[in-house]
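Reminder, nothing fancy here: chain letters follow the sequence lines and each chain counts from 1.
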Number of protein chains: 2
Amino acid sequence: MSRRLKLTMDDVARAAGVSKQTVSAVINNKSGISEETRDRVRQVIARLDYQPNLLAGSLRAQRSFTIGVVIPSITNPFYPELVRGIEDQAQRDGYSVFLCNTDENQEKEVKYLHLLRRHRIAGLIAATIKVHPAWTEALRRLAAQGVPVIFVPGTYRPGEQVVCISVDDEEGFLTGTSHLLDLGHQRIAMICPPIEPGQQSPRLAGFLRAHFERGRKVLPELIVPGGWHVTDGQAATAQLMQLARTPTAIVAPNDMAAIGAITKLKELGHRVPEDVAVVGYDNIAIAEWYDPPLTTVEQPHYDMGKRAMQAVLERLAKPHEPAEMIKFATTLIVRRSSGGVRGKL
Amino acid sequence: MSRRLKLTMDDVARAAGVSKQTVSAVINNKSGISEETRDRVRQVIARLDYQPNLLAGSLRAQRSFTIGVVIPSITNPFYPELVRGIEDQAQRDGYSVFLCNTDENQEKEVKYLHLLRRHRIAGLIAATIKVHPAWTEALRRLAAQGVPVIFVPGTYRPGEQVVCISVDDEEGFLTGTSHLLDLGHQRIAMICPPIEPGQQSPRLAGFLRAHFERGRKVLPELIVPGGWHVTDGQAATAQLMQLARTPTAIVAPNDMAAIGAITKLKELGHRVPEDVAVVGYDNIAIAEWYDPPLTTVEQPHYDMGKRAMQAVLERLAKPHEPAEMIKFATTLIVRRSSGGVRGKL
DNA sequence: TTGTATGCGTTATCAC
DNA sequence: GTGATAACGCATACAA
């Protein structure tokens with residue numbers, strides 16, 4: 001063994017003929033080092049392939065370069081696309097991403113939050129749908145320690161020092177539903193997302209408002225409970241199609257559920273969009289390639305993720321700014337599943 | 001401010017009326033502490049909501065609880081499903097996952113590897129498709145420092161101390177292609193994955209062997225270059241359908257490309273599977289819900305991810321075991337896109 | 001511009 | 001069983 005296993009700053013310093021904190025200064029781009037020395041040190045670093053120990057650095061500097069990211073599902077493509085935005089931005093800034101997938105399991109959520117705190121994350125980006133009571137206290141502690149907390153997409157809750165990045169879901173569902181109304185649909189169903197007791201659903205609100213704004217009645221039997229998954233869309237659709245008077249269009253809480261709706265409709269022998277139109281939400285990648293291509297309301301997932309990471313850095317730089325609410329615009333993407341465009345076949 | 005901002009082991013020790021390393025012993029479940037003391041310390045920990053600083057612990061103990069995971073794409077659902085397996089297992093063992101998505105960008109790959117080394121990861125799980133030359137040296141260093149490196153799915157390369165977890169792709173494509181041959185197809189096309197110069201593709205090999213084993217000729221014009229994405233499948237299919245004699249079936253390198261093939265076929269007015277059958281590879285979630293549901297060869301992604309994490313722990317426990325090769329079995333999933341089953345509609 | 005001393009919050013090696 | 005002390009690798013406030 002010609003070389004020691006662990007390479008430290010001392011080794012680099014010795015090899016370059018300088019002292020330890022000169023090396024440190026070079027690495028951290030501090031001023032006060034001559035260009036010549038700087039170059040020499042850099043070369044030695046490259047030659048020895050020295051990688052500074054971030055554990056030690058973070059411990060000493062009392063700051064880490066790690067962002068915790070908590071998502072409820074890694075299987076719903078919406079979240080990977082969001083994570084991609086977070087991660088691209090994080091890499092640009094020299095941060096790493098601790099990914100935590102909770103599978104919508106609240107116990108996991110809490111366990112992960114503890115784990116992230118032990119890792120002394122510099123910031124937390126949470127895409128969790130409902131906020132667990134046990135989180136409230138933990139989030140408060142994070143905030144107290146100067147760790148920015150960003151919810152994306154998340155709903156702003158007054159009194160919490162939390163940045164929220166979201167789109168206006170009510171607006172989004174207003175747009176999607178209006179699109180169907182404008183196409184002349186008389187019986188539009190809505191598959192609802194899971195609604196917490198005592199909470200309101202902006203998505204349902206948008207659906208209702210679209211009707212209201214046009215002086216149209218909402219048919220209560222066409223509003224059915226559902227969920228975020230393909231299977232939820234299937235179950236809800238099965239229920240809808242058993243009605244005496246079936247809907248001519250279905251609004252799903254997200255694209256996954258919309259896909260479920262379509263599979264179930266086809267299975268029951270209905271054509272989409274000729275017999276029943278379907279509109280989704282999110283615009284995940286597969287929406288474009290599905291058959292029929294899915295009319296949906298886009299959330300700019302990548303940009304939202306990117307913005308979330310930027311928000312972390314902003315809060316890190318200015319810890320005492322008040323919490324804010326950042327809204328992105330949604331975009332209606334008209335494809336064939338709503339019958340809004342006529343494609344081939 | 002009634003309480004200090006940073007809570008350390010000393011604070012806990014003081015509050016519990018014991019010394020620091022007693023607290024440490026309790027946390028790490030070391031022997032030599034009375035049940036009574038143990039309980040008291042635990043209660044104080046819970047009451048103060050103390051979270052040990054893993055940075056400090058890892059620095060001192062010279063071991064971290066972080067696993068680096070490098071994937072080429074977070075958009076191809078195969079990888080999220082793999083990551084889910086890794087992560088579930090990691091959480092069970094108290095490890096965290098540093099996720100790195102390279103978007104098939106080699107520069108990113110190299111940058112991430114450095115970043116992970118700086119974080120002093122305990123293990124590396126790489127799902128990268130082709131191994132960048134610059135990796136070789138970095139991987140050697142990781143191995144030299146006792147950091148297990150697992151490729152999943154990965155090809156074993158002799159001389160490298162790397163655990164590979166994979167399925168037999170050749171076998172998988174043999175199965176998929178044989179399925180089509182058994183259905184009586186005479187003109188089967190293959191969309192090839194990207195093939196590195198000087199490399200062989202096991203997937204293509206399986207396709208060829210299926211023909212060979214049945215004494216069937218392969219038609220060279222039906223073997224077209226492609227890639228892993230929907231758009232690659234579309235481009236290759238467009239090319240195939242311009243031939244004077246078009247194929248009656250298409251084998252895609254993965255499910256994403258298969259979806260691309262199907263969208264293109266439909267766009268060109270061909271029915272799937274009546275005019276052209278399609279077989280994919282991976283069995284990602286959407287394969288089941290696509291229209292037509294996709295006949296494909298399953299890689300057990302979740303189990304492979306889980307196994308990869310287990311392999312990390314095994315190597316950590318026994319660092320000097322020789323490299324090994326762990327193979328999982330593939331499963332042919334027959335759905336409607338191959339015409340192998342007759343569904344409704 | 002560069003060298004020296006101290007501490008970040010743990011774990012581990014000692015005596016008690 | 002428990003209490004002091006050193007050390008992990010780096011950053012920073014100093015003095016030189």
Side-chain angles (χ1 to χ4, degrees), chain A residues 4-42 44-45 48-66 94 115 117-122 145-146, chain B residues 4-42 44-45 48-66 94 115 117-122 145-146:
Chain A
R4 277 182 50 221
L5 216 67
K6 307 279 172 186
L7 204 56
T8 80
M9 234 178 209
D10 275 320
D11 301 318
V12 176
R14 210 170 303 128
V18 296
S19 77
K20 194 163 63 164
Q21 79 289 1
T22 303
V23 178
S24 173
V26 171
I27 287 174
N28 299 331
N29 282 317
K30 295 265 167 88
S31 59
I33 310 285
S34 71
E35 233 5 90
E36 195 192 332
T37 313
R38 210 174 274 279
D39 274 353
R40 186 155 39 95
V41 172
R42 275 204 245 269
V44 173
I45 288 175
L48 299 182
D49 189 35
Y50 166 68
Q51 304 288 349
N53 185 333
L54 287 184
L55 264 46
S58 295
L59 177 61
R60 171 61 234 230
Q62 301 279 62
R63 61 183 297 225
S64 83
F65 291 89
T66 304
L115 192 58
R117 291 215 285 146
R118 289 201 277 276
H119 275 291
R120 298 297 185 266
I121 50 170
Q145 291 179 9
Chain B
R4 279 182 50 221
L5 218 67
K6 308 279 174 186
L7 204 56
T8 81
M9 231 176 213
D10 276 319
D11 300 318
V12 176
R14 210 169 305 126
V18 297
S19 76
K20 194 163 60 165
Q21 77 287 5
T22 303
V23 177
S24 173
V26 170
I27 288 174
N28 299 329
N29 282 317
K30 296 263 169 88
S31 58
I33 309 286
S34 71
E35 231 7 89
E36 195 192 335
T37 312
R38 209 175 275 278
D39 273 353
R40 186 153 41 96
V41 171
R42 274 204 246 269
V44 172
I45 289 176
L48 299 181
D49 190 34
Y50 166 67
Q51 303 289 347
N53 185 333
L54 287 183
L55 264 48
S58 295
L59 176 60
R60 172 62 235 229
Q62 302 279 62
R63 63 186 296 232
S64 83
F65 292 90
T66 304
L115 192 57
R117 291 216 284 147
R118 288 203 277 275
H119 276 291
R120 299 296 188 266
I121 50 169
Q145 291 180 9

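Residue A/I33 contributes atom CD1, which lies 7 Å from atom C1' of C/dT2 at whole-angstrom precision. When the P atom of C/dC8 is taken as reference, atom CG of B/D11 falls 12 Å away, rounded to whole Å. Between the CD1 atom of A/I45 and the P atom of D/dC10 there is a distance of 11 Å, given to the nearest Å. Rounded to whole Å, atom C1' of D/dA7 lies 13 Å from atom CG of A/D10. Rounded to an integer number of Å, the gap from B/R120 CZ to D/dG9 P is 8 Å. Residue B/Q145 contributes atom CD, which lies 16 Å from atom P of D/dC8 at whole-angstrom precision. Computed from coordinates, the B/R38 CZ to D/dG1 P distance equals 10 Å when rounded to whole Å. Atom CZ of A/R118 and atom P of C/dC8 are 22 Å apart (whole Å).
Listed candidates were C/dT10, D/dC10, C/dT1. Nearest to the side chain of B/P52 is C/dT10. Candidate nucleotides D/dC10, C/dT11, C/dG3 were compared by shortest atom distance to the side chain of B/K20, and C/dT11 ranks first. The side chain of A/Q21 sits closest to C/dT2 out of C/dG9, C/dT2, D/dC10.
For D/dC10, one of the phosphate oxygens OP1 or OP2 lies less than 4.0 angstrom from a side-chain nitrogen or oxygen of A/Y50. Residue A/S24 places at least one side-chain N or O under 4.0 Å from the OP1 or OP2 atom of D/dA11. Using a 4.0 Å cut-off, no side-chain N or O of A/K30 falls inside it from OP1 or OP2 of C/dT1. At least one side-chain nitrogen or oxygen of B/T22 sits closer than 4.0 Å to the OP1 or OP2 atom of D/dG3.
Closest non-hydrogen pair, B/Y50 versus B/I27, comes out as CE2-CD1, 3.6 Å. Nearest heavy-atom pair, A/L55 versus B/L59, reported as atom, atom and distance to 0.1 Å: CD2-N, 4.1 Å. The nearest pair of heavy atoms linking B/K6 to B/D11 is O-OD2, 3.5 Å. When all heavy atoms of B/G94 and B/F65 are compared, the pair lying nearest together is O-CB, 3.8 Å. When every heavy atom of B/R120 is checked against every heavy atom of A/Q51, the shortest pair comes out as NH2-O, 2.8 Å.
Between A/I121 atom CD1 and B/L54 atom CG the span is 11.5 Å, to the nearest 0.5 Å. A distance of 8.0 Å separates CZ of A/R60 from CD of A/Q62, quoted to the nearest 0.5 Å.
Residue contacts shown for A/N28 are limited to sugar-phosphate atoms, with no base heavy atom under 4.0 Å away. Looking at heavy-atom distances under 4.0 Å, A/S34 makes contact with sugar-phosphate atoms alone, never a base.
Annotation: proximity of residues 53-66 of chain B to DNA chain D (heavy atom, distance under 4.0 Å) is found for B/L59, B/R60, B/Q62, numbered in ascending order.
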